[in-house]
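Report on the following structure.
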Amino acid sequence: MSEENTTERLDFVRTIVAGDNKTGKWGGKVITRFPPEPNGFLHIGHAKSICLNFGIATEFSGVCNLRFDDTNPTKEEQEYVDSIIEDVKWLGWEFGDGPLFASDYFKQMYDYAIELIKKGKAYVCDLTAEETREYRGTLTESGKDSPHRDRSVEENLDLFEKMKKGDFPDGSKTLKAKIDMASPNLNMRDPVMYRILHATHHRTGDNWCVYPMYDWAHGIEDSIEGITHSICTLEFENHRPLYDWFLDQLGIHHPQQIEFARLALTYTVMSKRKLLELVEDGLVNGWDDPRMPSLSGLRRRGFSPEAIRNFCKTIGVNKFNSTIDLALLEHCLREDLNKTSPRVMAVLRPLKVVIDNYPDGQVEELDAINNPNDESAGTRKVPFSKVIYIEQEDFMEEPPKKFFRLAPGREVRLRYAYFIICTDVVKDENGNVVELHCTYDPATKGGDAPDGRKVKATLHWVSDEKALNAEIRLYDHLFTKENPSDTKENHDFKSNINSNSLEVLTNCKVEPSLACAKPLDRFQFERLGYFCLDYDSSDGKLVFNRTAILRDTWAKLQKAQKKKS
RNA sequence: UGGGGAAUAGUGUAAUUGGUAGCACGAGUGACUCUGAAUCACUUAGUCGGGGUUCAAGUCCCUGUUCCCCAGCCA
C-alpha cells in the first residue's frame, strides 16, 4: 500500500484484510474472488462487489479470481458467461489466469462428498422435496430426523454412486449433511448437498446427474483456489456456520467469509428477477436499455468505467442496508465526463435563425475549444453561416426577470462566433415562433467585443449549411418514486414505472465534426449535457443517448418559481 | 413468539478504540465565467430512545425501540 493509502481510512472489510496481513494469518497473501452465477446480466450492484473484491486484491498486492458459480445447469447459459466476462473487463479489472469455473471442481467435490459419507457425516435421503420441508420444522419449532438418516456407510456409498450415474429420477433422492435437525439455524438442519438433475450443463455436458448445492460447493471452490477472504452479501450471514462446518469436516484450507450489504439505489430496482420482468414485459428495450442499471445498459447510456469505479469507492461498504441517492452516481459520472468529454454543439429542438446582414452563401470556419478542462484536447473548426439553429428554449418573446437569453431587441453571444441582436419574430398561424431574424456584429468575431461590452448569455448553435441531422434519446428515471417498491395495495413495483422515462427527438441538429463519431463515443453537448453515440447509428444516421444533463441553475430557478405560484 | 445481523445531518460514509463528531452528495448563498456547466468560498443539518460508569461516552455497562435476513432439491 502506498503511503497515501495508509492514512486513508479503511472500511471494515479492508480493516480485516489489513489486520490479517499484519498478523500473518495467511502468510501475507490476499486472494479474493468474484463468484457470479451465470444466470443473468451484471448490474451496478455487482459492480460494488467486483470493485470490492478486485480492489482489495489490487491494493494488497493479491489476486482476485473471476469464478463462475455454475452449479445449476437448469438456469445457467454460456451467453451469460460471455457477457459477465465482457462487463468485468470493461470495468477495467484483470483476472490473471482467465475465468475459473466451479464446474471444473465437480470431481473434487464428489470425492469430498464420499469422504464425508465415510465419516458418517452425510447420507442419502429418499424424502421428497415436500417431505424435506416438513421434516425441517419451522423458525420456532425444531425439525425431525429423516428416516434415512442412519443408513450404513456402505449403503450410502452405493446409493450416491447410483445417483451420480443417473439410476434415479430427478428429485427422488438427495445427499444430505448429517448435522442437527434441532439447530435454531435452519441451514444446519441436514442441508442438501447434492440433488439429482438429469440436465445438460453448459460446460460439462451430460457427465453428471448430480449437482452440488451452493453451500456445499462454495466453500470447496474457495478452498481449492486458496481464497483468503470470501466476501459475500449479508443474506449469507446465516450460511456462514455451514460454510465453516463443511470446511472443518474436510479439514481443508478454510477461508474467512465476510458479509457486506448489497447496493440499493433510488429510482431503480436491482434484483435480477425484477430487472428480468422489465425486459420481458417490454417496459424497457432489453437488458442493455440505457435506462437499465445493468452494466451493459449503463455502458450504452454513456457511463465510463472510471465513473462507476469511483462511485463504488465513494459509497463505501458496510453491514447494514442503505439506499444510495442516484444523485451520487450522477455526480461521479459528471465528475469523470467533465474531465474527459470533448465539447461539441448540438441543438435538440431547433429554432431557425436568419442573420439578415450576414453575406448569402458565406461559410466561415471558426475555432472552438474541445475541452476547457483539458488543454491537450486542442481545438476544432465549426462552420458558421447565414442561417443557423438555436435551441427553442433559448428564446422568449416576453422574457421573465431572470431570463438572460435571447429576446426581441436583446443581444447575446453565439458561442465562438458573434454577438447577435434579435430584430424580428416570425410566427405560424397558431402563434408559435417558427423563425427569428437577427443582425450580427462583425466586430465580435470569435465571441469577443472589441469595445468591451458584455452580454448576459452565450448560446450554442449549429449552422444550417453544414448541420448533421440526428436522433437523440432523452432518458429520465425509470421509476417515479425513489423507492419503486413503495406501492399501493395490490400493486407491484411496475405500477411506479415512469412512463416518460424515454423521449425520442428526431429533428436534432449537430455540428459536422460528429460525422466520424463511433458508437459509445462520449461528448458534452455544450449547455445541454453528456451524450454518447448509440449502436443504432448507421451511415448517415446518427443516434445519441443522453447520458446525463448538466446542472442547470436556470431550470432550478424556473422550478422554484413554478412551485411558488 | 427461534436464530443471525444492524442503527451517526435529507442521503451515504468516517472518528487514532474513552478525548474538539469529520468528509462527500444534496440543498441554499455569493464570487467568477464565451457552457446559467465547471471551479472557488461560505451556510445548512447528525450520534435510535431511556438510564448508568467516568473529569470526559458515538465509543463501555444495563434497558427499551426500530429495521434487515433465514423454513429452495436457487445462488
Side-chain angles (χ1 to χ4, degrees), chain A residues 8-11 35-37 39 69-72 74-76 125 127-130 132-134 136-143 170-176 183-189 191-197 210-211 213-215 217-218 232-241 259 261 266 272 314-332 334-335 338-339 343 345 368-369 372-373 402-405 413-417 419 444 446-449 454-460 482 524-529 549-557:
Chain A
E8 227 171 74
R9 282 166 188 122
L10 301 179
D11 58 64
E37 182 188 14
N39 71 341
D69 215 353
D70 55 348
T71 57
N72 186 352
T74 64
K75 291 190 174 175
E76 295 152 7
C125 181
L127 256 28
T128 64
E130 198 179 323
T132 294
R133 194 182 329 126
E134 285 163 13
R136 184 155 37 224
T138 68
L139 292 177
T140 51
E141 296 162 53
S142 69
D170 287 4
S172 60
K173 283 178 170 41
T174 57
L175 183 74
K176 289 178 178 170
S183 171
N185 182 344
L186 305 213
N187 295 122
M188 301 299 275
R189 321 242 260 229
V192 173
M193 296 165 61
Y194 276 96
R195 76 283 215 189
I196 300 171
L197 246 33
V210 289
Y211 289 92
M213 297 287 291
Y214 168 86
D215 288 306
H218 204 85
C232 61
T233 46
L234 245 32
E235 68 269 28
F236 291 103
E237 221 156 9
N238 294 323
H239 295 245
R240 182 163 18 102
E259 309 87 7
T266 56
K272 276 183 197 171
T314 305
I315 59 177
V317 34
N318 236 320
K319 279 188 81 91
F320 49 92
N321 297 309
S322 56
T323 304
I324 296 189
D325 196 335
L326 192 60
L328 184 59
L329 213 209
E330 289 172 348
H331 164 79
C332 294
R334 292 196 188 100
E335 190 179 43
N338 178 46
K339 280 186 296 195
R343 318 283 131 125
M345 290 197 284
I369 293 163
N373 298 318
K402 299 244 174 134
F403 185 85
F404 304 151
R405 283 108 99 144
R413 170 171 36 236
L414 294 175
R415 181 141 232 227
Y416 300 125
F419 285 13
T444 58
D448 284 308
K454 300 280 184 202
V455 287
K456 287 195 93 169
T458 299
L459 309 188
H460 61 275
E482 279 197 16
Q524 186 199 95
F525 290 0
E526 294 218 32
R527 303 210 305 133
L528 295 174
I549 56 171
L550 253 27
R551 285 187 63 204
D552 189 345
T553 317
W554 166 239
K556 213 181 272 179
L557 247 174

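So you know, we letter chains A, B, ... as the sequences are listed, proteins then strands, and number each from 1.
Applying the ring pair (Phe, Tyr, Trp, His ring centres under 6.0 Å) test to His460(A) and every residue at least two apart in sequence or in another chain returns nothing. Shown here are the salt bridge (Lys or Arg N to Asp or Glu O under 4.0 Å) partners of Arg415(A), two or more places apart in sequence or in another chain: Glu526(A). Evaluation of the ring pair (Phe, Tyr, Trp, His ring centres under 6.0 Å) rule for Tyr214(A) yields His218(A), Phe236(A) as partners, not counting sequence neighbours. For the salt bridge (Lys or Arg N to Asp or Glu O under 4.0 Å) test, residues two or more places apart in sequence or in another chain that qualify with Arg240(A) are Glu259(A). In this view, Asp325(A) satisfies the salt bridge (Lys or Arg N to Asp or Glu O under 4.0 Å) rule with no residue, not counting sequence neighbours. With sequence neighbours left out, the salt bridge (Lys or Arg N to Asp or Glu O under 4.0 Å) criterion links Lys173(A) to Asp126(A). Remark: Arg334(A) pairs with no residue by the side-chain hydrogen bond (donor to acceptor under 3.5 Å, both in side chains) rule, at least two apart or across chains. Glu76(A) is linked by a side-chain hydrogen bond (donor to acceptor under 3.5 Å, both in side chains) to nothing, counting only residues two or more places apart in sequence or in another chain.
Residue Pro372(A) is in base contact, counting any heavy-atom pair closer than 4.0 Å across all strands shown. When heavy atoms are screened at a 4.0 angstrom cut-off, Glu141(A) is found touching no nucleic acid atom at all.
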Sort me out a list of protein N/O and nucleotides 15-23 of chain B N/O pairs below 3.5 Å, or just none if empty.
none

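Arg334(A) has no side-chain polar atom (N or O) that falls below the 4.0 Å cut-off from OP1 or OP2 of rA38(B). The shortest distance between the side-chain N/O atoms of Arg551(A) and the OP1/OP2 oxygens of rA38(B) is below 4.0 Å.
Pairs of Watson-Crick or G-U wobble type, with distances under 3.5 Å, assemble into runs of 3 or more in RNA chain B at these ranges: B:2-7 with B:65-70, B:10-13 with B:22-25, B:26-31 with B:39-44, B:48-52 with B:60-64.
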message = Within the 4.0 Å limit for protein heavy atoms, which parts of nucleotides 5-11 of chain B are touched? Write it as a string from 5' to 3', B for base, S for sugar-phosphate only, - for none.
response = SSSS--S
query = Using a cut-off of 4.0 Å between protein heavy atoms and nucleotide atoms, how would you tag nucleotides 70-75 of chain B 5' to 3' with B, S and -?
reply = BBSBSB
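Of the C1' atoms belonging to rC73(B) and rU11(B), the separation is 42 Å, rounded to the nearest Å. Taking the P atoms as reference points, rC67(B) lies 15 Å from rU8(B), given to the whole Å.
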